[in-house]
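The analysis underlying the following values was restricted to heavy atoms, covering all of them including side chains, and did not include hydrogens, waters or symmetry mates. Remember, it's a predicted structure, so these values are computed and weren't measured experimentally.
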Amino acid sequence: MTVTADALDGLLIADFSRILAGPYATMLLGDLGAEVIKVESPSGDDTRTWMPPVRDGVSTYYLGVNRNKRSLALDLKNAEDLRLAQELVSRADIMIENFKPGGLARFGLDYETVRTDNPGLIYTSISGFGTAGGASLPGYDLLVQAASGLMSLTGDADGPAYRAGISVFDVMTGMHAAIGILAALNHRHATGAGQHVEVNLLSSALSGLVNHTSAHVAGGVVPHRMGNAHPSLFPYEPLPTADKDLIVIAGNDGQFRRLCVELGLDELVEDPRFAGNEARTRNREQLRPLLVAKLEQRPADEWFRRLSAAGVPCGPINHVDAGVALAADLGLDPVVALGSGPDSVPMIRNPITFSGTPPRHVLPPPALDQHGEELRAWLAADKEADR
């Protein structure tokens with residue numbers, strides 16, 4: 001298929017967000033061709049100071065979610081800077097912000113004010129706990145991991161609660177924001193009307209807890225910590241081998257049958273205790289030692305090759321470096337370089353593949369106010385003359 005213009009070519013995003021959820025959303029949209037102007041305070045996005053680790057003195061946290069953007073530092077308490085911010089929003093197709101609910105009203109940058117001058121604007125707000133009773137609560141991922149129940153599910157059954165290894169709900173909320181923006185753009189395409197898109201970390205968390213929140217609201221069950229075990233599947237966890245743990249999964253009867261054949265446990269296939277997933281899950285404490293006794297006879301890498309060849313899902317527990325290496329070995333080409341020469345920055349590729357409008361990886365994450373001079377000149381120019 002012939003490659004056409006970028007999927008979101010021609011769209012202008014005024015990005016007033018910072019830290020993770022908003023910047024992740026705008027990076028994804030920037031990858032797809034939107035022009036993203038990252039509006040920062042004179043002190044910059046908080047994540048610029050979140051270090052170590054660093055690359056050439058710059059926080060890798062900041063680098064990880066800010067490519068394909070241009071930076072403009074504005075002090076909204078300064079009259080001229082505020083005028084430029086308002087002008088930017090009046091020209092934008094999309095605005096995204098994660099101030100505390102209502103925090104932009106004093107600058108005339110709230111939705112009800114800006115929609116008057118720009119009725120087609122897709123105005124996107126990200127908060128921690130919504131705009132009602134939780135409006136005053138700060139929106140940090142860790143707080144939501146705790147409050148949503150995720151931490152109560154993470155860790156050993158008889159140990160303390162743990163946070164996830166990443167800011168999972170920030171990332172999830174950023175993706176929800178991007179989905180909401182794209183849906184609103186489609187509606188605007190049909191009607192010409194913009195709208196206010198709102199997402200919050202707690203709602204994203206409850207949606208993202210999927211089977212666990214469903215277990216509560218539909219089944220009357222309060223899920224609990226099970227370590228690496230799954231409440232509804234077995235095997236679906238790390239199991240010991242001769243040298244290290246291996247993830248082993250039997251998500252259906254066919255996979256369980258193939259696992260048993262490879263382990264030389266054919267008799268378990270017809271054992272009524274393990275006939276069907278529900279029975280295997282209910283009798284996991286009887287089944288686990290039978291599987292482990294065989295797995296411990298050979299090293300994990302050998303089992304990985306044998307079981308994978310037989311169609312049994314399994315895999316090693318990698319560190320991040322090995323995870324990136326695995327993606328490279330599988331032909332996923334996970335790392336892209338943005339920029340050139342000594343200023344080149346390696347980043348993880350956008351995860352979406354298109355046959356006609358592939359993501360772009362063009363602009364490295366900007367320095368604070370790197371594009372300020374040119375953007376101020378553009379915003380100061382007559383709007384109509386600029387079009």
Side-chain angles (χ1 to χ4, degrees), residues 6-8 11 13-36 38 45-47 61-69 93-99 101 122-131 134 139-145 147-150 153-154 163-188 195-214 320 323-324 327 332 334 336 347-354 357-361 365:
D6 295 323
L8 300 182
L11 293 175
I13 300 178
D15 182 6
F16 285 77
S17 69
R18 59 231 188 257
I19 303 182
L20 182 50
Y24 185 68
T26 54
M27 182 180 73
L28 295 178
L29 299 173
D31 289 351
L32 302 183
E35 175 74 17
V36 181
K38 181 178 179 67
D45 190 315
D46 292 5
T47 59
Y61 197 122
Y62 167 79
L63 292 176
V65 290
N66 282 292
R67 66 168 170 252
N68 286 329
K69 304 176 186 181
D93 296 283
I94 300 154
M95 175 179 171
I96 185 166
E97 58 90 12
N98 62 349
F99 284 70
I122 310 301
Y123 187 110
T124 309
S125 297
I126 300 174
S127 64
F129 296 87
T131 59
Y140 285 92
D141 184 273
L142 180 58
L143 296 180
V144 179
Q145 288 197 33
S148 66
L150 175 65
L153 301 171
T154 308
R163 66 179 289 269
I166 64 165
S167 295
V168 60
F169 294 139
D170 269 331
V171 172
M172 192 175 296
T173 304
M175 290 190 287
H176 288 166
I179 292 168
I181 288 168
L182 296 176
L185 284 170
N186 187 62
H187 178 262
R188 189 182 77 172
Q195 60 181 299
H196 192 182
V197 176
E198 297 180 76
V199 294
N200 67 80
L201 272 66
L202 182 57
S203 293
S204 288
L206 297 180
S207 174
L209 285 173
V210 286
N211 55 302
H212 295 294
T213 41
S214 178
V320 173
V324 174
L332 298 179
V336 292
M347 298 186 69
I348 294 297
R349 181 181 297 277
N350 186 291
I352 308 173
T353 299
F354 294 83
T357 56
R360 59 176 189 162
H361 304 89

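Pairing each heavy atom of Asn66 with each of Pro23, the nearest pair is OD1-CB, 3.8 Å. Closest approach of Ala205 and Val144 over heavy atoms only: CB-CG1, 3.8 Å. Scanning both residues, Phe99 and Phe16, for their nearest heavy atoms gives CE1-O, 3.5 Å. The heavy-atom pair separating Phe129 from Ala147 by the smallest distance is CE2-CB, 4.3 Å. Counting all heavy atoms, side chain and backbone alike, Arg67 lies closest to Ile348 at NH1-O, 2.9 Å.
Between the side chain of Thr213 and the backbone N or O of Val210, at least one donor-acceptor pair lies under 3.5 Å. Listed for the Gln145 side chain is a donor-acceptor partner under 3.5 Å among the backbone atoms of Ala164. A donor-acceptor pair is defined here as one N or O able to donate and one able to accept, closer than 3.5 Å; such a pair exists between the side chain of Asp141 and the backbone of Asp170. With hydrogens and angles disregarded, a donor-acceptor distance shorter than 3.5 Å links the side chain of Asn350 to the backbone of Ile352. No donor-acceptor distance shorter than 3.5 angstrom exists from the side chain of Ser125 to the backbone of Glu198, with no hydrogens or angles considered. Using modelled atom types, one side-chain atom of Arg360 and one backbone atom of Gly30 make a donor-acceptor pair closer than 3.5 Å.
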Please test Lys38 against Asp45 for side chain to side chain contact (heavy atoms under 4.5 Å, CB included), starting from the C-alpha separation and ending with a verdict.
-> CA-CA 9 Å; Lys38 181 178 179 67; Asp45 190 315; 2.9 Å; yes
List the steps and the verdict of side chain to side chain contact (heavy atoms under 4.5 Å, CB included) for Gln195 and His187.
-> CA-CA 9 Å; Gln195 60 181 299; His187 178 262; 3.6 Å; yes
Test side chain to side chain contact (heavy atoms under 4.5 Å, CB included) applied to Leu153 and His212, step by step | CA-CA 9 Å; Leu153 301 171; His212 295 294; 3.6 Å; yes
Check the pair Ile94 / Leu185 against side chain to side chain contact (heavy atoms under 4.5 Å, CB included), numbers first and verdict last.
-> CA-CA 9 Å; Ile94 300 154; Leu185 284 170; 3.9 Å; yes
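A distance of 10.0 Å separates CG of Asp31 from CG of Asp6, quoted to the nearest 0.5 Å. Atom CG of Leu143 is separated from atom OG of Ser148 by 10.5 Å, given to the nearest 0.5 angstrom.
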What pairs of donor and acceptor atoms, side-chain ones from residues 171-180 against any protein atom, are under 3.5 angstrom apart with sequence neighbours left out?
| from | atom 1 | to | atom 2 | distance (Å) |
| --- | --- | --- | --- | --- |
| Thr173 | OG1 | Phe169 | O | 2.6 |
| Thr173 | OG1 | Ser204 | OG | 3.2 |
| His176 | ND1 | Ser204 | OG | 2.7 |

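In the model, Ser214 has no side-chain atom that pairs as donor or acceptor with a side-chain atom of Asn211 under 3.5 Å. The closest side-chain donor-acceptor pair between Glu97 and Ser17, if any, does not fall under 3.5 angstrom. Judged purely by distance below 3.5 Å, without hydrogens or angles, the side chains of Thr26 and Asp15 pair a donor atom with an acceptor atom.
Within a 6.0 Å sphere centred on OH of Tyr140, other residues, nucleotides and ligands contribute 12 heavy atoms or fewer.
Salt-bridge annotation for Asp93 and Arg188: present, with a side-chain N of the basic residue lying under 4.0 Å from a carboxylate O of the acidic one.
Leu29 has its side chain within reach of Ile181: a pair of non-hydrogen atoms, C-beta onward, lies under 4.5 Å apart. At least one side-chain heavy atom of Ile126 sits under 4.5 Å from a side-chain heavy atom of Leu201. Put simply, the side chain of Thr124 does not reach to within 4.5 Å of the side chain of Met95, judged on heavy atoms. Taking the side chain as every heavy atom from C-beta outward, Val168 and Leu150 approach each other to under 4.5 Å.
In this structure, Arg18 forms no cation-pi arrangement with Tyr62, as its terminal cationic atom is not both closer than 6.0 Å to the ring centre and no more than 45° off the ring axis.
A search for salt bridge (Lys or Arg N to Asp or Glu O under 4.0 Å) contacts involving Arg349 returns Asp333, not counting sequence neighbours.
Checked options Leu63, Asn68, Val65; the residue passing with Pro365 is Leu63 (criterion: side-chain contact (heavy atoms from CB on, under 4.5 Å)).
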